[in-house]
Q: 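The structure is given below, and queries will be raised subsequently.
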2 protein chains.
Amino acid sequence: MTENDIFKALADPTRRSIFEKLAGGRMNASALREGMEISQPAMSQHLSVLRTAGLLRKERKGRFVNYEVDPEGLALIAGWLGKYRAYWPERIGALKILLKDMDQ
Amino acid sequence: MTENDIFKALADPTRRSIFEKLAGGRMNASALREGMEISQPAMSQHLSVLRTAGLLRKERKGRFVNYEVDPEGLALIAGWLGKYRAYWPERIGALKILLKDMDQ
DNA sequence: CATTCACATAAGTGCATGCTTATATTTAAT
DNA sequence: ATTAAATATAAGCATGCACTTATGTGAATG
């Protein structure tokens, strides 16, 4: 779970799609594949990369495995972004919210 | 200047180092190379990737070319991070500590 | 207990990517 | 004008990476 793992994991558009899907709530690997035109092994490999990076957690549930967003990874990105705070544009709402939360 | 360009650009540790150096202020390509053990063409190529991604701006100054952080790219990352705001809060405390440590 | 289902792992393949050396380009200095 | 300095581009190469097919593992169901 390093900065490098995270950025490499997110460098792939398919993995970002998977991550985005999971932002909607926990889901198993088969459900994730629906409407994604991706093979089962490919999905499994992508999930492994995202998990190793600290962006996802997994939890076995019988013969299914549920995946969910792991805030640890997001915190690391936020930390990285925080280093460049001096350059954050004023107009960015999301950042303003982040900034506000961090200042408390 | 797409989300994909940005994440791919940041997936390389050398490029992240270059970007971090530039966070300290504008600098030309030769100055950036100092203490980095990287060839001139490699640096030029990295700068090109970062610029295409929208993470850097360039400005010719005589026979030097100064590079500086472009907030546009950071805004895009912030926008991406913003989509997962629902998962931020629990970790904001740790993030605050992280940022505090980095300020020293 | 045998089969089926959900998922993981192994091994191989083609393309992307970061490097190299060589050369071009642009501006400054002599 | 010539030369030198700063940077960019070209072409080739080696490694990484996302995919494939095939097979393994672990759990439910009949």
Side-chain angles (χ1 to χ4, degrees), chain A residues 1-22 24-70 73, chain B residues 1-22 24-70 73:
Chain A
M1 200 212 139
T2 69
E3 196 176 271
N4 204 51
D5 290 336
I6 294 200
F7 280 114
K8 286 212 155 146
L10 293 174
D12 183 75
T14 304
R15 280 195 290 266
R16 288 199 306 279
S17 293
I18 292 168
F19 187 77
E20 188 153 8
K21 264 197 170 182
L22 284 168
R26 99 174 67 234
M27 217 181 299
N28 63 58
S30 300
L32 277 167
R33 285 184 62 203
E34 281 168 24
M36 272 208 74
E37 216 158 312
I38 184 176
S39 73
Q40 180 271 314
M43 174 59 80
S44 183
Q45 287 158 18
H46 281 310
L47 288 170
S48 176
V49 170
L50 287 166
R51 205 176 71 84
T52 302
L55 287 161
L56 297 182
R57 291 180 189 288
K58 77 168 164 181
E59 184 196 8
R60 244 203 190 266
K61 215 66 183 181
R63 57 182 173 180
F64 294 84
V65 177
N66 285 329
Y67 284 87
E68 67 183 339
V69 170
D70 185 346
Chain B
M1 200 211 138
T2 69
E3 195 175 271
N4 205 50
D5 290 335
I6 293 200
F7 280 114
K8 285 208 158 155
L10 293 174
D12 183 76
T14 304
R15 280 195 290 267
R16 287 199 306 280
S17 294
I18 293 168
F19 188 77
E20 188 152 9
K21 264 198 172 183
L22 284 168
R26 101 176 63 235
M27 218 181 299
N28 62 59
S30 300
L32 277 167
R33 285 185 62 203
E34 283 168 23
M36 272 208 75
E37 218 159 310
I38 184 176
S39 73
Q40 180 270 314
M43 174 58 80
S44 183
Q45 286 158 19
H46 281 309
L47 288 170
S48 175
V49 170
L50 287 166
R51 205 176 71 83
T52 302
L55 287 162
L56 297 183
R57 292 181 189 288
K58 77 168 167 181
E59 185 196 7
R60 235 191 201 274
K61 216 69 184 180
R63 58 182 170 177
F64 295 83
V65 177
N66 285 329
Y67 284 87
E68 67 184 340
V69 170
D70 184 347

Q: Measuring from atom OG1 of Thr14(A) to atom CD of Gln45(A), what distance do you get when rounded to the nearest 0.5 angstrom?
A: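 Separation between the atoms: 12.0 Å.
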Q: Sequence neighbours left out, what passes side-chain hydrogen bond (donor to acceptor under 3.5 Å, both in side chains) with Thr2(B)? Give chain and number order.
A: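 For Thr2(B), the residues satisfying side-chain hydrogen bond (donor to acceptor under 3.5 Å, both in side chains) (neighbours in sequence not counted) are Asp5(B).
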Q: With sequence neighbours excluded, what pairs up with Asn66(A) under the side chain to side chain contact (heavy atoms under 4.5 Å, CB included) test?
A: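 Partners of Asn66(A) by the side chain to side chain contact (heavy atoms under 4.5 Å, CB included) criterion, ordered by chain and then number, come out as Arg26(A), Asn28(A), Lys61(A).
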Q: Looking only at heavy atoms, what is the nearest atom pair of Leu22(B) and Tyr67(B), with distance?
A: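 Minimum heavy-atom contact is CD2-O, 3.2 Å.
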Q: Where is the tightest heavy-atom contact between Gly73(B) and Ile6(B), given as atom of each residue plus distance?
A: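 Heavy atoms only, the tightest pair is O-CD1, 3.4 Å.
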Q: Once you apply a heavy-atom cut-off of 4.0 Å, does Arg51(A) come out as touching a base, just sugar-phosphate, or nothing?
A: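 Nothing: the residue Arg51(A), judged by heavy atoms under 4.0 Å, touches no strand.
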Q: Under the side-chain hydrogen bond (donor to acceptor under 3.5 Å, both in side chains) test, which residues partner Arg15(B), sequence neighbours left out?
A: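 For Arg15(B) the side-chain hydrogen bond (donor to acceptor under 3.5 Å, both in side chains) partners, ignoring immediate neighbours, are His46(B).
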Q: Just wondering, do Leu47(A) and Val65(A) contact through their side chains at under 4.5 Å, heavy atoms?
A: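 With C-beta onward as the side chain, the pair stays apart.
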Q: Whole angstrom is fine here: how far is it from CZ in Phe7(A) over to P in dG18(C)?
A: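 Rounded to whole Å, this separation is 15 Å.
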Q: Taking CZ from Arg33(B) and C1' from dC19(C), how many angstroms apart are they, rounded to a whole number?
A: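 Computing the Arg33(B):CZ to dC19(C):C1' distance gives 13 Å.
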Q: For the residue pair Leu55(A) and Phe19(A), what are the closest heavy atoms and their distance?
A: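 Nearest heavy atoms, Leu55(A) then Phe19(A): O-CE1, 3.3 Å.
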Q: Hey, where on DNA chain D does chain A first and last touch, going 5' to 3'? Cut-off is any atom under 4.0 Å from a heavy atom.
A: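 Result: dC17(D) to dA28(D).
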Q: Go along nucleotides 1-12 of chain C 5' to 3' and tag each nucleotide: B for a protein heavy atom under 4.0 Å from its base, S when only backbone or sugar atoms are that close, - otherwise.
A: ---BBSBBBB--
Q: For residues Leu50(A) and Ala9(A), report the shortest heavy-atom separation together with the two atoms involved.
A: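 Looking at all heavy atoms of both residues, the closest pair is CD2-CB, 4.2 Å.
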Q: Between Ile18(A) and Met43(A), does a side-chain contact (heavy atoms from CB on, under 4.5 Å) hold up when you go through it step by step?
A: CA-CA 9 Å; Ile18(A) 292 168; Met43(A) 174 59 80; 3.6 Å; yes
Q: I want to confirm an ordering. Mapping Lys61(A) and His46(A) to their closest nucleotides on DNA chain D, which one lands closer to the 5' end?
A: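 Between the two, 5'-proximity favours His46(A).
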Q: Atom CG of Asp12(A) to atom P of dA16(C): distance rounded to whole Å?
A: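 Atom CG in Asp12(A) sits about 13 Å away from atom P in dA16(C).
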Q: How sharply is the helix from dC1(C)-dG30(D) to dT30(C)-dA1(D) bent, taking the axes over five pairs at either end and rounding to 10 degrees?
A: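 Computed from the C1' atoms at both ends, the axes differ by 10°.
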Q: Should Val49(B) and Lys8(B) count as side-chain neighbours, where that means a heavy-atom distance under 4.5 Å?
A: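 A side-chain contact is absent here, since even the closest heavy-atom pair is not under 4.5 Å.
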